[in-house]
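One structure is given here, and the rest of the page talks about it.
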Amino acid sequence: MPTTESADNDQLFVLTAVLLTPAQFPSVLGDDYPEVCAGLGLEPYAEGYGLVLGQDGDGARWTVVTEDVSLVACAIAAWDCGMEYDLSPGENSIVGALPGWPLALAVAAPGVPQPHDPEPQEDDPTPLTPPDAEEWGPAQRRLGADEIAMQWAAWREQVEGDADFAEPGDQAHKGVRRVLEEARGYVNDPPPPGRVRSSFAAGEARTLRVDGPGWSMVARTDDIAFVLLDEEPGEVHPVGRGPELPGLLSSLDELATRPV
């Protein structure tokens, strides 16, 4: 976690920052990039944004939106390595300051009041609040898929052998069958940016994150897939490679957005 820094002349004490681009965005906020942008009142520009979360001198929560994606990416990389980085977006790069935080934070700036929403001003938007991830639903389902992607080896070890690939006409799980059919549909009718994302994995493989209405899929292009469904709280369905999954994953990887 970064140390608090002062940004610009508005005395924003920076607590953390995240990227909001078609290839990298907080999954908990939506199934795709345009959906997340809409929730924040932003235009889904292809270049993306950086979100800087912090507190002002009164302790109020603010989310500063900057177009300087490279600066935010450098700060995150430095913090991940345990280094300090003074994240101070230039005034010309700031799109706006939104009251509240879209993500839950367990930290606060020292020497200021506890985090709280700022006093509402005329024409101010409703303060941002994190999605409710306590109960099973879209937000928790997407967080579960994130966890599988980050802990792939541990989840893979729990699967003994390969499950049969779910074909549309067989007796496979109905929900999994629907997910695979909708994922195939993405190949011919590409979905909004961010619904299919590809990132590095071990060797020459890629990790795929594929989301849709009510479902998430995590897969390795050289291995199996896992499916999570809104209608089945806490359940994770492994999908074996079979004869068709490799081709589907390869096609999805070709249309996926990738981190620059």
For the side chain of Ser93 and the backbone of Pro89, is there at least one donor-acceptor N/O pair under 3.5 Å apart?
no
Quick one: closest heavy-atom pair of Pro238 and Val159, and the distance?
CB-CG2, 4.0 Å
Would you call Ile224 and Val239 a side-chain contact if the rule is heavy atoms closer than 4.5 Å?
no
Examine distances only and state if a side-chain atom of Asp56 and a backbone atom of Asp58 form a donor-acceptor pair shorter than 3.5 Å.
yes
Is a side-chain donor or acceptor of Tyr33 paired with a backbone partner of Tyr45 at a separation under 3.5 angstrom?
yes
Check: Trp152 ring centroid to Phe226 ring centroid under 6.0 Å
yes
4.5 Å side-chain heavy-atom contact, Arg220 and Thr207:
yes
What's the spacing between Leu87 CG and Leu15 CG if we round to 0.5 Å?
11.0 Å
Walk me through it: do Trp62 and Val14 pass the test side chain to side chain contact (heavy atoms under 4.5 Å, CB included)?
CA-CA 9 Å; Trp62 290 96; Val14 177; over 6 Å; no
Answer whether the closest heavy-atom distance between the side chains of Arg184 and Leu248 falls below 4.5 Å.
yes
Just to verify, what does Glu231 make a salt bridge (Lys or Arg N to Asp or Glu O under 4.0 Å) with, not counting sequence neighbours?
Arg178
For Gly30, does its backbone N or O pair with a side-chain atom of Glu35 as donor and acceptor, under 3.5 Å?
no
Do Thr66 and Tyr49 come close enough that some side-chain heavy atom pair is under 4.5 Å?
no
Checking Glu232 against His237: is there a side-chain donor and acceptor pair closer than 3.5 Å?
yes
Side-chain contact test, heavy atoms from C-beta onward, threshold under 4.5 Å: evaluate it for Leu208 versus Ser198 and give yes or no.
yes
Shortest non-hydrogen contact from Leu20 toward Cys37
CD2-SG, 4.3 Å
Establish, for the pair Arg206 and Phe200, whether the NZ or CZ atom is under 6.0 angstrom from the six-membered ring centre and no further than 45 degrees off its axis.
yes
Give the C-alpha distance, both sets of side-chain angles, the deciding distance and a yes or no for side chain to side chain contact (heavy atoms under 4.5 Å, CB included) between Val52 and Leu12.
CA-CA 9 Å; Val52 182; Leu12 179 76; 4.2 Å; yes
Side chains of Pro44 and Pro193: does their closest heavy-atom pair fall under 4.5 Å?
no
Would you say that more than 12 heavy atoms from the other residues, nucleotides or ligands in this model lie under 6.0 Å from the CG of Asp80, or not?
yes
Asn92 side chain near Ile94 side chain, heavy-atom distance below 4.5 Å
no
Inspect the contact between Arg195 and Asp31 and indicate whether a charged nitrogen and a carboxylate oxygen are less than 4.0 angstrom apart.
no
Out of curiosity, Ile148 CD1 to Gln158 CD, how far, rounded to the nearest 0.5 Å?
9.0 Å
With no hydrogens and no angle check, do the side chains of Thr221 and Asp253 hold a donor and an acceptor under 3.5 Å apart?
no
Side chains of Glu235 and His173: is there a donor and an acceptor less than 3.5 Å apart?
no
Testing the basics here: between Leu98 and Leu40, what is the closest heavy-atom pair and its distance to 0.1 Å?
CD1-O, 3.6 Å
Would you mind checking if Asp223 and Arg156 are paired as a salt bridge, meaning a charged N to carboxylate O distance below 4.0 Å?
yes
Non-hydrogen atoms of Asp230 and Pro138 that approach each other most closely:
OD2-CG, 3.4 Å
Starting at CG of Asp68, measure out to SG of Cys74 and round the result to the nearest 0.5 Å.
8.5 Å
CG (Leu42) and CG (Leu51) are apart, to the nearest 0.5 Å, by 7.0 Å
With distance as the sole test, does Arg241 use its side chain to make a donor-acceptor pair with the main-chain N or O of Pro246 at under 3.5 Å?
no
I'd like to know if the side chain of Arg141 pairs up with that of Ser216 as donor and acceptor (distance under 3.5 Å, no hydrogens or angles considered).
yes
Quick one: does Gln55's side chain have a donor or acceptor within less than 3.5 Å of a partner on Pro113's backbone?
yes
Looking only at the side chains, is there a donor atom on one of Asp86 and Ser88 sitting less than 3.5 Å from an acceptor on the other?
yes
Pairing of Asp117 and Arg61 as salt bridge, 4.0 angstrom limit
yes
So Leu252 and Met217, side chain to side chain contact (heavy atoms under 4.5 Å, CB included) or not? Walk me through it.
CA-CA 11 Å; Leu252 290 172; Met217 181 169 69; 4.0 Å; yes
Closest non-hydrogen atoms of Arg197 and Ser27, given as atom of the first, atom of the second and distance, are NH2-OG, 3.0 Å
Closest approach of Gly100 and Thr63, non-hydrogen atoms and distance?
O-OG1, 2.7 Å
Looking at OG of Ser199 and CE of Met150, how far apart are the two atoms once the value is rounded to the nearest 0.5 Å?
11.0 Å
Is there side-chain contact between Leu19 and Val69, with heavy atoms separated by less than 4.5 Å?
yes
Please tell me whether Trp215 and Glu182 have a donor and an acceptor in their side chains that are separated by less than 3.5 angstrom.
yes
When rounded to the nearest 0.5 angstrom, what distance separates CZ in Arg142 from CG in Leu29?
7.5 Å
Go through the steps to decide whether Leu143 and Asp146 satisfy the test side chain to side chain contact (heavy atoms under 4.5 Å, CB included), and finish with yes or no.
CA-CA 5 Å; Leu143 286 175; Asp146 284 346; 4.3 Å; yes
